[in-house]
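Please read the structure below before turning to the comments.
Worth saying up front: this structure is predicted, and the values here are computed from it rather than measured. To find a chain, count down the sequence lines: A is the first, B the second, and so on, and within it residues start at 1.
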There are 2 protein chains.
Amino acid sequence: MRAALLQDLEEAMRRSSAQGVLYGQTVANVAGIANSDLECMDILYLEGRVTAGRLAEVTGLTTGAITGVVDRLEKAGLVRRERDEKDRRKVFISVVPEKAMKIGELYVPMQQAMEKVFGAYSDEELRLLLRFANEGYKGVLAATEALKSLIDTPPEKRPDLKLKKLRRQP
Amino acid sequence: MRAALLQDLEEAMRRSSAQGVLYGQTVANVAGIANSDLECMDILYLEGRVTAGRLAEVTGLTTGAITGVVDRLEKAGLVRRERDEKDRRKVFISVVPEKAMKIGELYVPMQQAMEKVFGAYSDEELRLLLRFANEGYKGVLAATEALKSLIDTPPEKRPDLKLKKLRRQP
DNA sequence: GCTAAATCTCTTAGTGACTAAGATATATAT
DNA sequence: ATATATATCTTAGTCACTAAGAGATTTAGC
């Protein structure tokens, strides 16, 4: 009973997450920038002014790749490079708000759709969703670390991993 | 008040979704396959036996790219190609369960983390989350379509798009 | 039934974002 | 002062992707 609920939930979340990725791809397409470029714009919105190295860390790209990303974004006028005066090795990247706005507008359909969905929930329920989203984030973050640590554990030394059946047969 | 809640929620969901993408990248990395290859494996799990064209549709890749994806996956023994006997133009792709299992195991850290998160919620609450996930999926799907239709609408004819402020200043 | 148009996958040539390795510049430690 | 560490950039090479179209099969119109 509860097991079925959990499985449905997992599947539903996978689906919506995959569709979210697809939305992002479409945005990047329309904006005429690469996928990773858009992802970095997103991070810049969430975290504000960040260093190139931090972008590499968060995206999982190499610093070399980030140089390319920032080059392209800078050329498109979407971001600015600013050397840190205190530590002149560092380069801060920040968005150019006026230009970035045009990309932000491409998220309007998404915002409208979400507004509509959220509209059906009470404040109380939204707080539950928020709590879940935050805990989910922490969980995924921890899982990512766990997976990474699994990499350099030889298979025979790995803790016994029991995979749940992934999909009920339709 | 509610506006702040909605904004927090949006941001939390964006964060967790981004981290989810990163988890997927790590899985692909560990499994030694390309990102899109893993995405297709995922779709094959969710939808079962699907045609090459359907994969292109769902992933947003061209059919040419899908040929490459399936070539690599087939070479790795993860999927099989089967011509449809009724319509011999079609090619069905299906996973080879024994081989795919090894990739499935890489999702165990994620499953464990999610189990832990879900554990803190009652059945009632999980049903709320499920409802939200399903409605969210439909919303994102609709938004994707809306965005696509925006592409071939000349900017001056577009409905007035009011972008909400994306981030509260920290 | 026969031809034309449509549908589905694959092929080919070319492009561009990515990695790995190392160069450069600056900062910190002994 | 020298060595080590840190942060970004450069370079060469690789690989997945797109666009365009070919090949194979099915569907539609006459």
Side-chain angles (χ1 to χ4, degrees), chain A residues 21-22 24-26 28-44 47 49-76 78-94 148 151, chain B residues 21-22 24-44 49-76 78-94 148 151:
Chain A
V21 171
L22 209 54
Q25 280 177 15
T26 310
N29 241 306
V30 176
I33 63 178
N35 229 292
S36 311
D37 299 12
L38 181 64
E39 194 192 342
C40 287
M41 289 297 292
D42 230 55
I43 293 163
L44 288 170
E47 305 214 1
R49 191 163 159 265
V50 301
T51 65
R54 172 81 183 142
L55 282 181
E57 209 177 289
V58 176
T59 57
L61 297 178
T62 61
T63 59
I66 292 297
T67 299
V69 169
V70 178
D71 282 352
R72 291 189 297 271
L73 289 178
E74 197 175 36
K75 204 162 151 189
L78 291 165
V79 305
R80 245 192 297 272
R81 272 186 172 95
E82 300 165 41
R83 281 219 108 81
D84 185 354
E85 287 307 321
K86 293 190 174 173
D87 182 344
R88 299 190 44 75
R89 292 168 304 178
K90 289 186 186 168
V91 171
F92 278 110
I93 323 292
S94 58
K148 278 184 188 163
I151 298 175
Chain B
V21 170
L22 209 54
Q25 279 177 16
T26 310
V27 169
N29 240 307
V30 176
I33 63 178
N35 228 294
S36 311
D37 299 12
L38 181 63
E39 194 192 343
C40 286
M41 289 296 291
D42 230 54
I43 293 162
L44 289 169
R49 191 162 159 267
V50 301
T51 64
R54 172 82 183 142
L55 281 182
E57 208 177 289
V58 176
T59 57
L61 297 177
T62 61
T63 59
I66 292 297
T67 300
V69 169
V70 176
D71 282 352
R72 291 190 297 272
L73 290 177
E74 196 175 37
K75 204 163 151 188
L78 291 165
V79 306
R80 245 192 297 272
R81 272 187 171 94
E82 298 164 44
R83 280 219 109 81
D84 185 354
E85 287 307 320
K86 293 189 174 173
D87 181 344
R88 299 190 44 75
R89 293 168 304 178
K90 290 186 186 168
V91 172
F92 278 111
I93 323 292
S94 57
K148 278 186 189 162
I151 299 176

Between D/dA7 (C1') and A/L55 (CG): distance, integer Å = 13 Å
request  = Return the nearest nucleotide to the side chain of B/T67; candidates are D/dT8, D/dC9, C/dC10.
outcome  = C/dC10
message = Whether B/R89 and B/D87 form a salt bridge (side-chain N of Lys/Arg under 4.0 Å from carboxylate O of Asp/Glu) is what I want to check.
response = yes
query = Base, sugar-phosphate, or nothing: which does B/R81 touch, judged by heavy atoms less than 4.0 Å apart?
reply = sugar-phosphate
Minimum heavy-atom distance between B/L22 and A/G60, given as atom pair plus value = CD1-N, 4.3 Å
message = Nearest whole Å is fine: how far is D/dT25 C1' from B/D84 CG?
response = 12 Å
remark   = Heavy-atom nearest pair, A/V50 first then A/E47, reads CG1-CB, 3.6 Å
query = What's the CZ-P distance between A/R83 and D/dT8, to the nearest Å?
reply = 8 Å
task = Give a yes or no answer on whether the side chain of A/R83 reaches the backbone of A/R88 with a donor-acceptor pair at less than 3.5 Å.
result = yes
task = Search all heavy atoms of B/N35 against all heavy atoms of B/Q25 and return the closest pair with its distance.
result = ND2-CG, 3.2 Å
Separation of atom CD in B/E74 from atom P in C/dT9, rounded to whole Å = 14 Å
request  = Under 4.0 Å from any atom of DNA chain C, heavy atoms only: list the residues of residues 85-93 of chain A that qualify, in numerical order.
outcome  = A/K86, A/D87, A/R88, A/R89
query = In whole Å, what is the span from the CD atom of B/E57 to the C1' atom of C/dT9?
reply = 14 Å
remark   = Looking only at heavy atoms, the pair that brings A/L38 and A/G24 closest together is CD2-O, 3.3 Å
query = Starting at CG of B/L73 and ending at P of C/dT9, how long is that distance when rounded to a whole Å?
reply = 16 Å
note = Of A/V70, A/I43, A/I66, the one forming a side-chain contact (heavy atoms from CB on, under 4.5 Å) with A/I93 is A/V70
key: Lys/Arg-Asp/Glu bridge criterion (N-O < 4.0 Å) met for B/R81, B/E74   = yes
Per-nucleotide protein contact string for nucleotides 16-22 of chain C (B base, S sugar-phosphate only, - none; heavy atom under 4.0 Å) = -SSB---
query = Closest heavy-atom contact between B/T51 and B/K90?
reply = CG2-CD, 4.2 Å
